[in-house]
There are 2 protein chains.
Amino acid sequence: MGLESYQIEKVESVTMADIVEKRLLDYFKKNAFKPGDAIPKELELAEALQVSRNVVREALSRLKMLGMIESKKKRGMVLSEPDIFGGFERVLDPLILEQQTLQDLFELRMVLEMGLADLIFRRKTDDDVAELERIVQKSINQNKASFKVKHEIAFHGKLYAMTGNTTIMRFQNLLLPIFEYVVSEEEKLYGIPPISDVGHGDLVEIIKNGTPQEFKEAMRIHLSPHFDRLS
Amino acid sequence: MGLESYQIEKVESVTMADIVEKRLLDYFKKNAFKPGDAIPKELELAEALQVSRNVVREALSRLKMLGMIESKKKRGMVLSEPDIFGGFERVLDPLILEQQTLQDLFELRMVLEMGLADLIFRRKTDDDVAELERIVQKSINQNKASFKVKHEIAFHGKLYAMTGNTTIMRFQNLLLPIFEYVVSEEEKLYGIPPISDVGHGDLVEIIKNGTPQEFKEAMRIHLSPHFDRLS
DNA sequence: TTAATACTTATGTAGAACATATAAACAAAT
DNA sequence: ATTTGTTTATATGTTCTACATAAGTATTAA
């Protein structure tokens, strides 16, 4: 009988820095700290938490990485609006993420893309449509692989931009390298996917004169070469 | 003329820990480190980078927070599969995020919800549908607000679960408190939104016997009370 | 009043010391 | 011979002290 049948759970050592980090987060939430609020000095925290200044600094360093805290000499530290995807960005490396996670993120981006329709139609402007047409126009008679990738990014990036939602846009920008990685891995395994029946030109036409419903269906077909490869 | 017209950018002091953190990340990527690989000892890193062990530890502490590094006494440190949303989770507090970011995240969750259709239809099982029906059944004749919220979470949570995508599921779970916060804030401003023409029962019926296209449209209508409030 | 100066303070960095867990090697016991 | 106990070396965890550095504050000089 293997050890795993005993369901022994691995003891993971919790360090002081872990505890202090959590205490600080709880402290901020409990006291409804807002960006701009000053927080206690390192030595005061160390004294209050009964740990060395070093441990406090390790915990603070973590929060600084997330943009949650800013510090200046003499002036002390203030809470600040964190970079919501800061931690996400650092961790998003195809080489260190599990295959399943990469696959999940690949799907996540496709789900996003399918769900954009209503936001796009709600907020599109004539200028947006004109730029989309320009992007599509530029891609005609271009066959180099490197250009195609750039064009893909420009076109779909513009779609995200049209939502007017900078958070979604940032999110998709972060997911992009993952998407490309998964696509290239798939191509190694299964070859170049068939070209979709619906191209960028068709999508633009629908944005111009069609309905969200038509767009959703068109986008599904546009993505279907990828979609059909999902398990 | 105000200072802002000079486009002076705020000098933000870059600390050694910031630099070392970046160097470490670059080092891992450049050398194609994979989870399980051992990384140099603290003292070696300090020596190589010509900084104190203290600074190295602050940088390492950050990566440990993201789950990117695990350390054990004597055994040293190994790279590990990071928690992809770990940093995100810590930062997701309605009180410290800007109103616009909250709004963006609110929309992001709606976009996700609209995009789920194809994954759900691709992977649904009879058991899934049965459970959805059970959830809907339980909600009949329940009118307490607290129950309604729980029911909402259970129903939509099940929809996410049916995608079989644990990353998407985790993501939506993290977004949930934000969603609830924004909804409650909106209710304070504009009152309770009108009840949608499409309820959970209708959605289940479509999942059972309908098409992804019908589901998308139904979900749009289901969410329209929220959607119509978007600027 | 203004400007130059010194003082104070909180963060940033360095280095040493010790605590603690544990891998590895070795010795003892069954 | 395999297991069990003991020793030892070592890498991380924690604390302490000291000093550097930037930036408010108070003081002084013009």
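Labels below follow one simple rule: chain letters A, B, ... track the order of the sequence lines, proteins then strands, and each chain is numbered from 1.
Listed by chain and residue number, A:Phe215 satisfy the ring pair (Phe, Tyr, Trp, His ring centres under 6.0 Å) test with A:Phe121 (two or more places apart in sequence, or in another chain). For A:Glu107, the side chain to side chain donor-acceptor pair (under 3.5 Å) test picks out B:Arg123, B:Asn165, with sequence neighbours left out. With sequence neighbours left out, the ring pair (Phe, Tyr, Trp, His ring centres under 6.0 Å) criterion links B:His151 to B:His200. The side chain to side chain donor-acceptor pair (under 3.5 Å) search around B:Thr125 returns B:Asp128, not counting sequence neighbours.
Non-hydrogen atoms lying under 4.0 Å from DNA chain C are contributed by nothing in residues 19-47 of chain B.
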For residues 177-184 of chain A, dump all side-chain donor-acceptor pairs below 3.5 Å to protein atoms at least two apart in sequence or in another chain.
residue  : atom : partner  : partner atom : Å
A:Ser184 : OG   : A:Tyr181 : O            : 2.9

Using atom types as modelled, flag every donor-acceptor pair under 3.5 Å from a side chain in residues 28-37 of chain B to any protein atom, sequence neighbours excluded.
residue : atom : partner : partner atom : Å
B:Asp37 : OD2  : B:Lys34 : N            : 2.8

Check: protein-nucleotides 13-16 of chain C nitrogen or oxygen pairs below 3.5 Å:
residue : atom : partner : partner atom : Å
C:dT13  : OP1  : B:Met16 : N            : 2.7
C:dA14  : OP2  : B:Ser52 : N            : 2.9
C:dA14  : OP2  : B:Ser52 : OG           : 3.2
C:dA14  : N7   : B:Asn54 : ND2          : 3.4
C:dG15  : O6   : B:Asn54 : ND2          : 3.1

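Proximity of A:Lys64 to the phosphate of C:dG12: a side-chain N or O atom is located under 4.0 Å from OP1 or OP2. Distances shown here put a side-chain N or O of A:Ser71 below 4.0 Å from the OP1 or OP2 atom of C:dG12.
The separation between A:Lys72 atom NZ and C:dG12 atom P is 12 Å, rounded to whole Å. A:Lys73 has its NZ atom 10 Å from the C1' atom of D:dA23, to the nearest Å. The distance from atom NZ of B:Lys74 to atom C1' of D:dT10 is 4 Å, rounded to the nearest whole Å. Nucleotide D:dT14 holds its P atom 14 Å from the CG atom of B:Leu60, rounded to whole Å. Atom C1' of nucleotide C:dG12 and atom CE of A:Met77 are separated by 12 Å, given to the nearest angstrom.
Residue pairs meeting the salt bridge (charged side-chain N to carboxylate O under 4.0 Å, His left out) criterion with at least one partner in residues 44-54 of chain B, sequence neighbours excluded, are B:Lys41-B:Glu44, B:Glu42-B:Arg53.
Aromatic ring centres of A:Tyr160 and A:Phe171: separated by at least 6.0 Å.
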